[in-house]
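Shown next, in structure tokens, is the structure this report addresses.
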Amino acid sequence: MKKLLLLLILLSACFTVSAQDYYKTDSTKNKTNIYIIRLKDGTQLLGRIIEQNTVQSKIQTENLGLVTVDVTQILSVEFYDKNKPTSDKPYYPNRFVNRLLVAPTGFAMEKEAIEYHNTLFYYSEFAAAMGDRFSIGFGFLTIVPTQFYSLKAKLNIIAKEKFNFSVTGNHIGGRNIGSTSIIIPSFSFGKKENFFNVSPIFFTEGVNGGFGLSVGYMKKVSSNLTFFTENFFAVGNGLSVEDGFLLSGGLRFDRQKHAFDLSVILPTGFSDFDNTPYLLPVISYHLKLSK
């Protein structure tokens, strides 16, 4: 169990948070149609788009009148069908689309964002964006910060609507655990509300090395809920991370500026009970500190 917790701590330290625009608005939309316009802050507008350019959109709503919105704040634009039943629940995007359970994804951190993350109440991390595609982070044990530290950096190299590629580097150390360096290239295929992610993971610890692979999937399933799953295996060569694999699945409860993850993992090979499969619940919390 201790080795499994160490693995989660080491790899959680490579997480990078993110959210860019889910959609870009289309200047060709019919001005007579009615649309549901969702903003990044959770606001939902219903009305006609009467004017639009690369900077702003003017929306004629029934209850608020004419509203002008910066296009960078628009999350999605959906055609409104009056015959289709709608929910009164507000829409909350997945603001932390850049992370699964173990590995980071290919998406970059939101510009000027500052965020806090906690896994199992045991590991805490602060992350900050330094521009559009580069971010840094610092992690530590929540109860005894001097026992463990993590320094990380992530660079988004390719940012397309349906493909994102990033590289995360991490150096960790602490009392009685030595130091380990980790490099994770992450490939995300699809849009942010529905994508597959593949992340090879390379470990170095002294003269020894190891390899891991994370294959995951994330999908927005409702206005305030995201499903995610991840399959991970590691092959260590003299490392504190031993050979083994991990299967996981869970739900992310999205809110305007924070989210809870409730998941279950099935590890094998990361503890003294290699031949005894068991389920381990994992709780994570994510908080956006910036506006």
Side-chain angles (χ1 to χ4, degrees), residues 15-26 29 35-47 49 52 56-57 59 61 67 69-80 84 86-101 104-118 127-129 132-133 135 154 156 159-164 166 186 188-197 216-230 250-263 284-291:
F15 291 165
T16 301
V17 182
S18 101
Q20 298 171 340
D21 294 335
Y22 280 70
Y23 300 94
K24 295 296 183 182
T25 53
D26 183 359
K29 292 190 185 299
Y35 295 91
I36 301 173
I37 300 96
R38 297 186 177 97
L39 307 183
K40 289 183 176 180
D41 64 2
T43 302
Q44 182 172 292
L45 301 174
L46 180 65
I49 300 176
Q52 182 172 275
Q56 63 183 16
S57 292
I59 304 163
T61 66
V67 177
V69 178
D70 190 331
V71 296
T72 61
Q73 298 304 309
I74 296 177
L75 180 66
S76 67
V77 179
E78 177 185 348
F79 177 72
Y80 173 69
K84 182 179 178 180
T86 59
S87 172
D88 294 331
K89 295 181 180 180
Y91 180 87
Y92 297 112
N94 179 8
R95 305 298 299 271
F96 309 98
V97 72
N98 72 321
R99 62 174 56 208
L100 294 168
L101 180 64
T105 71
F107 294 100
M109 193 171 178
E110 184 176 319
K111 185 178 181 181
E112 299 181 355
I114 301 175
E115 298 174 349
Y116 169 75
H117 305 275
N118 183 281
D132 292 329
R133 298 194 176 189
S135 61
K154 181 175 181 178
N156 175 250
K160 302 292 185 180
E161 183 181 12
K162 294 185 178 181
F163 176 70
N164 280 259
S166 294
S186 298
S188 294
F189 304 91
K191 295 182 178 180
K192 292 183 178 180
E193 70 276 9
N194 186 5
F195 68 92
F196 287 94
N197 187 78
Y217 174 67
M218 183 170 280
K219 179 178 177 61
K220 186 76 174 172
V221 295
S222 72
S223 61
N224 58 5
L225 199 64
T226 298
F227 167 79
F228 63 91
T229 182
E230 182 175 10
L251 294 173
R252 176 167 296 170
F253 297 83
D254 300 308
R255 292 298 182 266
Q256 183 172 333
K257 297 190 68 173
H258 65 101
F260 291 93
D261 288 355
L262 296 179
S263 57
S284 301
Y285 179 68
H286 316 284
L287 173 66
K288 184 173 290 295
L289 299 174
S290 56
K291 294 181 179 180

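Numbers here are sequence positions counted from 1. In this text, all values refer to a predicted model and were calculated from it rather than measured experimentally.
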In the structure I gave you, are the side-chain heavy atoms of Leu39 and Leu75 within less than 4.5 Å of one another anywhere?
no
Which pair of heavy atoms, one from Lys154 and one from Pro104, lies closest together, and at what distance?
NZ-CB, 4.0 Å
State the NZ-NE2 distance between Lys288 and His117, to the nearest 0.5 angstrom.
8.0 Å
Side chain to side chain contact (heavy atoms under 4.5 Å, CB included) with Thr105: which of Phe195, Phe228, Phe196?
Phe195
Is there a side-chain contact between Asn194 and Lys220 (heavy atoms, below 4.5 Å)?
no
Separation between OH (Tyr217) and CZ (Phe227), nearest 0.5 Å, reads 8.0 Å
Could you go through Val69 and Thr43, starting from their C-alpha distance and side-chain angles, then the distance that decides it, and tell me whether this counts as side chain to side chain contact (heavy atoms under 4.5 Å, CB included)?
CA-CA 11 Å; Val69 178; Thr43 302; over 6 Å; no
How long is the straight-line distance from OG of Ser263 back to CG of Leu251, given to the nearest 0.5 Å?
9.0 Å
Quick check on side chain to side chain contact (heavy atoms under 4.5 Å, CB included): which of Arg252, His258, Lys257 does His286 satisfy it with?
Arg252
Closest non-hydrogen atom pair between Leu101 and Glu230, with its separation
N-OE1, 2.9 Å
After noting the C-alpha distance and the side-chain angles of Phe260 and Tyr285, does the key distance pass the ring-ring contact (aromatic ring centres under 6.0 Å, His included) rule?
CA-CA 5 Å; Phe260 291 93; Tyr285 179 68; 4.9 Å; yes
So, taking the atom named CG in Asn94 and the one named NZ in Lys219, what distance separates them when rounded to the nearest 0.5 Å?
12.5 Å
In terms of heavy-atom contacts, Asn156 and Ala108 come closest through CB-CB, 3.4 Å
Nearest-0.5 Å distance, CZ of residue Phe107 to CZ of residue Arg133:
12.5 Å
Looking only at heavy atoms, what is the nearest atom pair of Ala129 and Ser135, with distance?
CA-CB, 4.0 Å
Could you tell me the separation between the CG atom of Leu100 and the CG atom of Asn197, rounded to the nearest 0.5 Å?
5.0 Å
Could you verify whether a donor N or O on one side chain and an acceptor N or O on the other, from Asp254 and Thr226, lie under 3.5 Å apart?
yes
Closest heavy-atom pair and its distance - Ser290, Ile114:
OG-N, 3.1 Å
Check whether any side-chain heavy atom of Leu45 sits under 4.5 Å from a side-chain heavy atom of Val67, and report yes or no.
yes
Flag, side chain of Arg95 to backbone of Arg255, donor-acceptor distance under 3.5 Å
no
Any side-chain heavy atom of Met218 sitting closer than 4.5 Å to one from Val97?
yes
Answer with yes or no whether the side chains of Thr72 and Asp70 bring together a donor and an acceptor at under 3.5 Å.
yes
